[in-house]
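Hydrogens, waters and symmetry mates are skipped; everything else that's a heavy atom, side chains included, is used. Note that the numbering runs from 1 along the sequence shown for the chain.
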Amino acid sequence: MPQGTLAGKLCLPTDRPTDAVMVLMAGSNYNASYWDFQYEPETYNFRRAMNGAGYATLTVDRLGNGASTRPPSATLTATATAEALHLIVQQARQGLAGERPFGKVIIGGHSLSSGTSVMEATKYHDVDGVLLTGYSHTLNVPGVLGVIGTYYPAVEDPAFAGRGYDPGYLVSRPGARRADFYGPDNFDPRVVAADEATKETFSLTEYPDGLTSTLPGMSSAITAPTLVVNGGKDILSCGPDFAICADNATLQAAEAPYFTPAAKLRTFVLPGSGHSVNLAPNTAEYRAAVIDWADSIVR
């Protein structure tokens with residue numbers, strides 16, 4: 001890639017062969033550890049649960065993030081990430097890390113990377129399923145602006161100072177993540193602490209084109225089965241007063257106009273969860289919904 005190299009980790013089921021892989025990218029405040037969370041993995045580790053259900057997983061750090069290349073922050077865009085995601089999908093179909101090619105490829109995103117998943121799926125039509133979490137066409141603009149207001153330059157954060165980040169790389173301020181990404185009564189303080197310890201950098205230049213995926217039009221070009229997941233108390237993606245996330249049927253009714261029948265749209269609301277559905281104490285309910293949906297595609 002012109003901007004560098006993406007870091008990824010391929011994990012396979014240990015008890016059976018598989019022809020299906022999930023390519024997973026996290027949102028702007030996270031790296032691949034969001035999907036491969038190490039605190040109480042039996043509860044919070046999405047990657048482990050998918051492997052246990054018979055799916056291979058490829059967890060990937062976005063450019064400028066985690067172990068991937070860190071280009072100048074002003075050059076980062078969601079479009080570039082979508083192009084990188086397309087290359088990964090193609091490599092998965094051709095064979096990764098010496099493994100045989102995968103016949104079924106599902107892409108999974110969270111928040112910002114749900115947007116890049118929409119961009120990839122609508123441009124290339126080369127995936128078998130699209131998982132969009134922390135995503136909707138009814139953003140709560142005051143909530144979004146409030147979360148953006150908790151960002152500050154990574155060079156000012158003790159965890160990132162002196163590590164060569166340019167001033168355009170941002171992180172969430174210490175202590176902000178609990179209110180930003182968790183339901184008010186649906187979190188484990190130890191998970192929030194682990195989340196804070198593994199928080200990641202990003203650039204606001206990734207947002208303008210990434211947010212175009214939440215406008216009417218783009219998602220209607222998706223031709224692969226799609227699952228949209230939100231937490232019931234997501235201050236970013238559930239609109240004013242969490243109205244569209246009251247339950248599965250309400251989210252389905254709100255999102256269906258933005259997709260065609262080719263997407264075979266399903267929706268799922270994780271009760272009480274905030275934006276980061278992987279890290280809610282009841283996240284197993286959402287993982288079960290993902291497995292049921294994925295099985296309907298590949299089994």
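- Grouping Ile, Leu, Val, Met, Phe, Trp and Tyr residues whose side-chain heavy atoms lie under 4.5 Å apart, directly or via other members, leaves Leu215 alone, with no other cluster members.
- In the displayed structure, Asp241 atom CG is contacted under 6.0 Å by at most 12 heavy atoms of other residues, nucleotides or ligands.
- Donor-acceptor pairing under 3.5 Å is recorded for the side chains of Ser203 and Thr205.
- Residues passing the side-chain contact (heavy atoms from CB on, under 4.5 Å) test with Asp126, sequence neighbours excluded: His86, Val89, Gln90, Glu120, Tyr124.
- For Asp19, there are no side chain to side chain donor-acceptor pair (under 3.5 Å) partners two or more places apart in sequence or in a different chain.
- Under the disulfide bond (SG atoms under 2.5 Å apart) criterion, the residue pairs touching residues 217-247 are Cys238-Cys245, with sequence neighbours excluded.
- Within the structure, the salt bridge (charged side-chain N to carboxylate O under 4.0 Å, His left out) test picks out no pair touching residues 222-240 (sequence neighbours left out).
- Phe46 pairs with exactly one of Tyr55, Tyr286, Tyr30 by the ring pair (Phe, Tyr, Trp, His ring centres under 6.0 Å) rule, that one being Tyr286.
- Leu204 and Val171 are assigned to two separate hydrophobic clusters, defined by single-linkage of ILVMFWY side chains at heavy-atom distances under 4.5 Å.
- Listed by first and then second residue, the disulfide bond (SG atoms under 2.5 Å apart) pairs that reach into residues 152-195 come to none, sequence neighbours excluded.
- Rounding to the nearest 0.5 Å places CG of Leu227 at 8.5 Å from CD1 of Ile297.
- For Asn51, the side-chain contact (heavy atoms from CB on, under 4.5 Å) criterion is met by Cys11, Arg47, Thr57, not counting sequence neighbours.
- The aromatic rings of His110 and His275 are tilted relative to each other, their planes meeting at an angle between 30° and 60°.
- If you chain together hydrophobic residues whose side chains sit under 4.5 Å apart, Leu132 and Val277 never meet in one group.
- Under the rule for a side-chain contact (heavy atoms from CB on, under 4.5 Å), the partners of Val192 that lie at least two apart in sequence or sit in another chain are Arg178, Tyr182, Phe187.
- One hydrophobic cluster, built from ILVMFWY side chains closer than 4.5 Å, cannot hold both Phe160 and Tyr34; they sit in different ones.
- Taken from OH in Tyr169 to CG in Leu76, the straight-line distance is 4.5 Å, to the nearest 0.5 Å.
- Considering only residues two or more places apart in sequence or on other chains, Ser213 meets the side chain to side chain donor-acceptor pair (under 3.5 Å) condition with none of them.
- Hydrophobic clustering (side-chain heavy atoms under 4.5 Å, transitive across Ile, Leu, Val, Met, Phe, Trp, Tyr) groups Leu6 together with Leu96.
- Residues Met50 and Leu10 do not share a hydrophobic cluster, defined by chaining ILVMFWY side chains whose heavy atoms lie under 4.5 Å apart.
- The existence of a salt bridge linking Glu83 and Lys123 is confirmed by a sub-4.0 Å separation between a basic side-chain nitrogen and an acidic carboxylate oxygen.
- For residues 93-108, the set of pairs meeting the side chain to side chain donor-acceptor pair (under 3.5 Å) definition, not counting sequence neighbours, comprises Arg93-Asp128.
- Note that CE of Met119 and OG1 of Thr79 are 3.5 Å apart. Values are rounded to the nearest 0.5 Å.
- For the atom pair Leu85 CG and Met25 CE, the distance stands at 5.0 Å (nearest 0.5 Å).
- Through chains of ILVMFWY side-chain contacts below 4.5 Å, Val141 is grouped with Leu145.
- Partners of Pro174 by side-chain contact (heavy atoms from CB on, under 4.5 Å), not counting sequence neighbours, listed by chain and number: Tyr152, Asp157, Glu196, Lys199.
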